[in-house]
Amino acid sequence: MRNSPSQTAETRAQTGETRASAHSAWGVLVSEVMLQQTPVARVEPVWRAWIDRWPTPAALAAASPAQVIRAWGRLGYPRRALRLHAAAAAIVERHGGVVPDDIESLRALPGIGEYTAGAVIAFAFGRPALALDTNVRRVLARHDAGRARPPGSVTAGERERALEFLPTGVDGATWMAAIMELGALVCTARSPRCEVCPIAAGCRWRASGYPEAEKAARRQPRYTGSDRQARGAILAILRDCAGPVTGRRIEMSWPDAVQRDRALDSLVADGLVEPLPRGRYGLPASASPHG
DNA sequence: GAGCCGTGGCT
DNA sequence: TAGCCAAGGCT
């Protein structure tokens with residue numbers, strides 16, 4: 001589960017951080033990308049170090065992929081780090097180094113989808129925008145549609161209904177943050193705390209006796225023994241070594257040769273690993289054409 | 001639209 | 001302990 005960005009933003013503001021922190025669009029953008037699949041507790045220290053080191057898009061754009069991948073650490077899904085790096089370069093090239101404040105330009109950046117673009121508009125620029133993360137969608141599904149869970153992917157109907165609730169004025173961003181927080185802390189997936197929910201009285205799911213979801217949620221594939229774990233093991237070696245490593249060192253990182261080669265090839269294809277002369281491998285010293 | 005993409009905490 | 005869970009973007 002993730003906490004709401006607004007909560008962490010307020011916390012950071014209270015600790016006295018200023019430029020390039022949560023209040024800057026860059027700080028919000030970085031935090032939202034990091035929070036896409038990673039709990040706030042793990043993001044926080046990495047985000048702080050990241051913003052200290054690269055306080056502007058231009059600063060990040062000037063870094064090497066190797067630096068970026070190492071700074072990402074163990075947040076997971078390291079392709080996000082490369083996308084953030086590429087987004088920084090695009091912000092420099094297309095927008096003079098200034099984070100754009102319109103949905104279309106944001107969505108055109110690598111790694112910025114519908115949710116993150118809306119979150120940046122709302123939480124960085126304070127304008128009403130839909131940021132339909134899973135928590136918000138769950139609150140609306142329950143309260144408005146009377147269902148236990150939202151559909152598998154965001155539907156036009158969800159957007160329309162959410163827009164009907166979204167305040168059009170300066171309260172829009174606050175409302176978005178409030179619903180997000182409600183979903184993260186109260187209207188949770190497994191154990192909703194309806195007794196403390198401020199909108200329980202109008203909740204259709206509650207009124208109809210908490211009907212179960214029609215379809216079972218898709219089960220998550222095993223991680224142990226997966227290609228993802230193999231990729232993680234290989235990348236961990238490269239992250240933790242100061243420079244290139246031998247092919248032998250890669251071989252020791254994962255026992256199954258077929259799976260190891262497949263994982264290594266995919267890491268190279270993703271631009272996360274660079275094959276070097278004499279059978280060695282390293283983190284990329286310069287951006288790959290793959291992004 | 002289904003499947004892929006890490007990691008770590010919780011049970 | 002092994003399995004479950006979180007969950008946005010991209011292909």
Side-chain angles (χ1 to χ4, degrees), chain A residues 1-5 28-47 68-87 90 103 106-120 122-123 129-139 141 149-156 158-159 180 183-185 187-192 213 215-240 253-254 259 262-273 290-291:
Chain A
M1 182 179 75
R2 82 197 276 294
N3 261 323
S4 81
V28 170
L29 192 155
V30 170
S31 73
E32 287 299 337
V33 170
M34 290 182 172
L35 287 165
Q36 276 168 2
Q37 299 95 350
T38 307
V40 65
R42 267 197 286 153
V43 162
E44 186 118 26
V46 177
W47 179 86
V68 167
I69 293 164
R70 286 202 175 91
W72 194 258
R74 305 185 67 80
L75 286 184
Y77 296 123
R79 293 187 301 184
R80 286 186 294 160
L82 293 185
R83 293 192 187 122
L84 187 53
H85 190 215
I103 289 281
L106 286 166
R107 285 223 47 180
L109 299 172
I112 309 295
E114 177 178 359
Y115 162 76
T116 305
V120 169
F123 305 135
L130 290 184
L132 299 180
D133 75 349
T134 190
N135 294 312
V136 171
R137 296 179 62 220
R138 186 174 54 250
V139 171
R149 285 201 309 263
S153 54
V154 179
T155 64
E158 282 185 275
R159 296 188 191 95
M180 195 172 291
L185 303 179
C187 192
T188 58
R190 279 181 291 178
S191 312
K215 296 179 180 178
R218 193 176 69 84
R219 255 186 37 202
Q220 185 167 259
R222 280 188 306 278
Y223 178 66
T224 304
S226 67
D227 282 12
R228 296 157 83 164
Q229 188 181 28
R231 284 168 55 103
I234 293 170
L235 200 59
I237 296 298
L238 293 167
R239 252 200 330 258
D240 297 342
S253 69
W254 194 260
Q259 191 176 31
R262 187 168 63 229
L264 185 55
D265 286 349
S266 73
L267 286 168
V268 171
D270 285 346
L272 286 163
V273 172
H290 307 103

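So you know, we letter chains A, B, ... as the sequences are listed, proteins then strands, and number each from 1.
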CD (A/Gln259) and CG (A/Leu264) are apart, to the nearest 0.5 Å, by 12.5 Å
Touch class at under 4.0 angstrom, heavy-atom based, for A/Gln229 against every strand present: nothing
Rounded to whole angstrom, note down the P distance from C/dA7 over to B/dT11. 16 Å
Using Watson-Crick geometry (N1-N3 plus N6-O4 or O6-N4) or G-U wobble (N1-O2, O6-N3), each under 3.5 Å, C/dC10 is paired with B/dG3
May I ask you to say what A/Gly113 touches in the nucleic acid, namely base, sugar-phosphate or nothing, with a heavy-atom cut-off under 4.0 Å? sugar-phosphate
Of A/Arg137 and A/Thr224, whose nearest nucleotide on DNA chain C comes first from the 5' end? A/Thr224
In whole Å, what is the span from the CG atom of A/Leu84 to the P atom of C/dG8? 17 Å
Categorize A/Pro221 for me: base, sugar-phosphate, or nothing, with a 4.0 angstrom heavy-atom threshold over every strand shown. nothing
A/Thr38 has its side chain closest, among C/dA7, C/dC10, B/dG6, to B/dG6
What nucleic acid atoms does A/Arg74 come within less than 4.0 Å of, heavy atoms only: base, sugar-phosphate, or nothing? sugar-phosphate
Can you check the A/Met34 CE to C/dG9 P distance for me, whole Å? 16 Å
Determine whether a donor-acceptor pair (one donor, one acceptor, N or O, separation below 3.5 Å) exists between the side chain of A/Gln36 and the base of C/dG9. no
So A/Thr116, base contact, sugar-phosphate only, or nothing? Heavy-atom distance under 4.0 Å. sugar-phosphate
Of the listed C/dG8, C/dC5, B/dC5, the closest approach to the A/Gln220 side chain comes from C/dC5
Find the distance A/Arg222:CZ to B/dG6:P and express it as a whole number of Å. 18 Å
Is it the case that the side chain of A/Thr188 and the backbone of A/Leu185 share a donor-acceptor pair, with hydrogens and angles ignored and the cut-off at 3.5 Å? no
Taking the side chain as everything from C-beta on, heavy atoms only, tell me whether A/Gln37 gets closer than 4.5 Å to A/Arg80. yes
Reckon A/Ala41 touches a base, only the sugar-phosphate, or nothing at all at heavy-atom distances under 4.0 Å? nothing
Whole angstroms only, please: what is the CG-P distance between A/Leu75 and B/dG6? 13 Å
Protein-nucleotide distance (A/Arg228, atom CZ; C/dC5, atom C1'), rounded to Å: 12 Å
Could you check how far CZ of A/Arg231 sits from P of B/dC5, rounded to whole Å? 6 Å
Does a side-chain heavy-atom distance below 4.5 Å link A/Val30 with A/Trp47? yes
B/dG3 P sits how many Å from A/Tyr223 OH, rounded? 20 Å
pair A/Ile112-A/Leu29: side-chain heavy atoms closer than 4.5 Å: yes
Within the side chain of A/Thr38, is there an N or O that forms a donor-acceptor pair under 3.5 Å with the backbone of A/Leu75? yes
Any N or O donor-acceptor pair linking the side chain of A/Arg42 to the base of B/dG8 at under 3.5 Å? no
Can you tell me the distance, in whole Å, between the CD1 atom of A/Ile112 and the P atom of C/dC10? 8 Å
NA contact type, A/Leu235, heavy-atom cut-off 4.0 Å: base, sugar-phosphate, or nothing? nothing
Identify whether any heavy atom of A/Arg239 sits under 4.0 Å from a base atom; if not, whether one sits that close to sugar-phosphate; answer base, sugar-phosphate or nothing. sugar-phosphate
Closest nucleotide among B/dG6, C/dG8, B/dC5 to the A/Pro78 side chain: B/dG6
